[in-house]
Protein chains: 2
Amino acid sequence: MGRSKADGGAGVRERILAAAGALFAEQGYDATSVQQVVDRAGVTKGGLYHYFGAKEDLLVELYRAVFGQRLAALEKILAQGRDPEWTLRAIIDDIVVGTAAMMTESAAVSRELAHMDSDRTQRLQADWRRYQEAVRGLIRDAQAAGVFAAVASPELVSWSIFGVTTTLHTWYRPDGPQSADQIARELADLVLTGLTARP
Amino acid sequence: MGRSKADGGAGVRERILAAAGALFAEQGYDATSVQQVVDRAGVTKGGLYHYFGAKEDLLVELYRAVFGQRLAALEKILAQGRDPEWTLRAIIDDIVVGTAAMMTESAAVSRELAHMDSDRTQRLQADWRRYQEAVRGLIRDAQAAGVFAAVASPELVSWSIFGVTTTLHTWYRPDGPQSADQIARELADLVLTGLTARP
DNA sequence: CCGTCAATACCGACCGGTTGGTATGTAGCT
DNA sequence: AGCTACATACCAACCGGTCGGTATTGACGG
């Protein structure tokens, strides 16, 4: 069995992560056994535990892959210092398109995030809360400045946005009638029309 | 009357269901063992399997308790035959307040619904889809009649509403600053302002 | 009012199978 | 020789579910 190079093209570590992401998205974290992951990745358990210390590390790594990009994009958007309407639209666009681009991994992470509470995941959840607080702050400031109407609290608005993206995997299909760009634009239109409508 | 052991006064069946709902919400369905459920309910495994045929039946029962009420309320609202704005507002109010009133059970169900695929649960998911289709149809008709603006597709609007409610458990606290009524009103305001704003 | 019997409610030890994780081995490169 | 990168074999713990048994209840004949 000469399988040393040019196997699936990707490295073993990446194959394991991809298999884990797909299986977690399909069946859930707990319902997926380590054996299933290594079978799909075409390696053995020894191989997996060579690269990862525990099953939970797979989830953490997936989380980093998905969320690290979002956080980096957010800071880039905020750094531009543009008006609230443009900024919120850019955030919505990034989170929808970015989530759609890594659908399986995002689905796994958003579905399973809640039942991790070990020390390591604590930090990741803190990052996620920081992201949300940035969005809420943006809305709060714009409402205080009179740019956005106070139809709804910053909390409610931000949760509407995140609610759509965390449940995106239950209805979005890459080959469906609506593209990710379209969804992002519609969501931004709905939210921003609500926030900027004149009485 | 002869209660043998210290209990909450409720029947064994109800105690088991309540314990299961709480544990599923806290840890997830797969991560919760039958042993944990019976420990919290103060009974034994034999007792649980006297009332329920399988672990999955607990989820199904919980689902019925949560969703049956929503479906009944929807039909009552639609039966009134009022205008789309009033109807959509009533639906949003019911789903938010109703979900908040059974927070732990709703959290368990909405989180775990995705990875059930046995025959019995298939039917329940069909009911859920019917609920969604009713909301989408309402929006679609109102948009066609010119009552609602076409800022966003019926699908996107409906998913915004359901996205908030299925993620409600991650941020709503009964003793928090915002009551369920307030959240419902704000969500309805945000959505309906977006849908009825004049250009 | 009592004794009997059958049904119901519940117990707890137990089962086969699966789980996450590990100890040990080895092939190839440096 | 020593290190990395995996494979193989294996384990203790735990899983959902079963089963033979007991305590409690209620209907009924006498």
Side-chain angles (χ1 to χ4, degrees), chain A residues 1-24 26-62 108 112 115-121, chain B residues 1-24 26-62 108 112 115-121:
Chain A
M1 304 37 184
R3 54 171 52 191
S4 50
K5 278 190 184 164
D7 201 346
V12 170
R13 205 187 132 93
E14 284 73 25
R15 289 216 315 276
I16 292 173
L17 235 26
L23 284 164
F24 292 170
E26 286 167 24
Q27 315 174 328
Y29 174 78
D30 289 304
T32 301
S33 68
V34 174
Q35 193 60 51
Q36 283 180 293
V37 174
V38 300
D39 284 350
R40 181 174 296 202
V43 292
T44 59
K45 270 214 281 204
L48 187 146
Y49 280 98
H50 172 67
Y51 286 106
F52 303 95
K55 183 189 177 188
E56 207 189 55
D57 289 2
L58 295 170
L59 244 193
V60 174
E61 203 77 9
L62 250 16
E112 307 296 343
H115 31 99
M116 323 190 285
D117 60 347
S118 86
D119 298 340
R120 242 163 323 152
T121 58
Chain B
M1 0 212 164
R3 284 267 138 76
S4 48
K5 294 264 167 110
D7 58 41
V12 170
R13 208 188 129 92
E14 284 73 23
R15 288 215 317 275
I16 292 173
L17 236 26
L23 284 164
F24 292 170
E26 286 168 23
Q27 313 174 328
Y29 174 77
D30 289 306
T32 300
S33 68
V34 173
Q35 193 59 52
Q36 284 180 291
V37 174
V38 299
D39 284 351
R40 182 174 295 202
V43 291
T44 60
K45 258 200 303 194
L48 186 146
Y49 280 97
H50 172 68
Y51 288 106
F52 303 96
K55 184 189 177 188
E56 206 190 54
D57 289 0
L58 296 170
L59 244 194
V60 174
E61 203 78 9
L62 250 15
E112 306 297 342
H115 32 97
M116 324 191 284
D117 60 345
S118 88
D119 297 340
R120 237 164 326 152
T121 58

Worksheet item: Does A:Tyr51 reach the main-chain N or O of A:Glu14 with its side chain, forming a donor-acceptor pair under 3.5 Å?
Response: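 Checking the backbone N and O of A:Glu14 against the side chain of A:Tyr51, no donor-acceptor pair under 3.5 Å is found.
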
Round to a whole Å and report the spacing from [atom1] of [X] to [atom2] of [N].
| X | N | atom1 | atom2 | value |
| --- | --- | --- | --- | --- |
| B:Gln35 | C:dA13 | CD | P | 11 Å |
| A:Gln27 | C:dT18 | CD | C1' | 14 Å |
| A:Leu48 | C:dA23 | CG | P | 16 Å |
| B:Asp30 | C:dG20 | CG | P | 11 Å |
| A:Ile16 | D:dA5 | CD1 | P | 12 Å |
| B:Tyr49 | C:dC15 | OH | P | 18 Å |
| A:Asp39 | C:dT18 | CG | P | 13 Å |

Item to complete: Confirm from the modelled atom types if B:Lys55 and D:dG17 form a donor-acceptor pair under 3.5 Å, side chain to base only.
Response: no

Discussion item. On DNA chain C, compare the nucleotides closest to A:Lys45 and B:Val43; which residue's is nearer the 5' end?
Written reply: B:Val43

Can you see which heavy atom on [X] is nearest to which on [Y], and at what distance?
| X | Y | answer |
| --- | --- | --- |
| B:Ala108 | B:Gly21 | CB-O, 3.8 Å |
| B:Gly42 | B:Arg15 | O-NH2, 3.8 Å |
| B:Leu23 | B:Thr32 | O-OG1, 3.3 Å |

Discussion item. With a 4.0 Å cutoff (strictly under), does any side-chain N or O of B:Ser33 reach OP1 or OP2 of D:dC15?
Written reply: yes

Fill in: Short side-chain N/O contact to C:dA9 OP1/OP2 from B:His50, under 4.0 Å
yes

Worksheet item: Of the candidate nucleotides D:dA5, C:dG20, D:dT8, which contains the atom at the shortest distance from the side chain of A:Thr44?
Response: D:dT8

Discussion item. From C-beta outward on A:Tyr51, which listed nucleotide comes closest to its side chain: D:dG17, D:dA7, D:dA5?
Written reply: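 Closest nucleotide among those given: D:dA5.
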
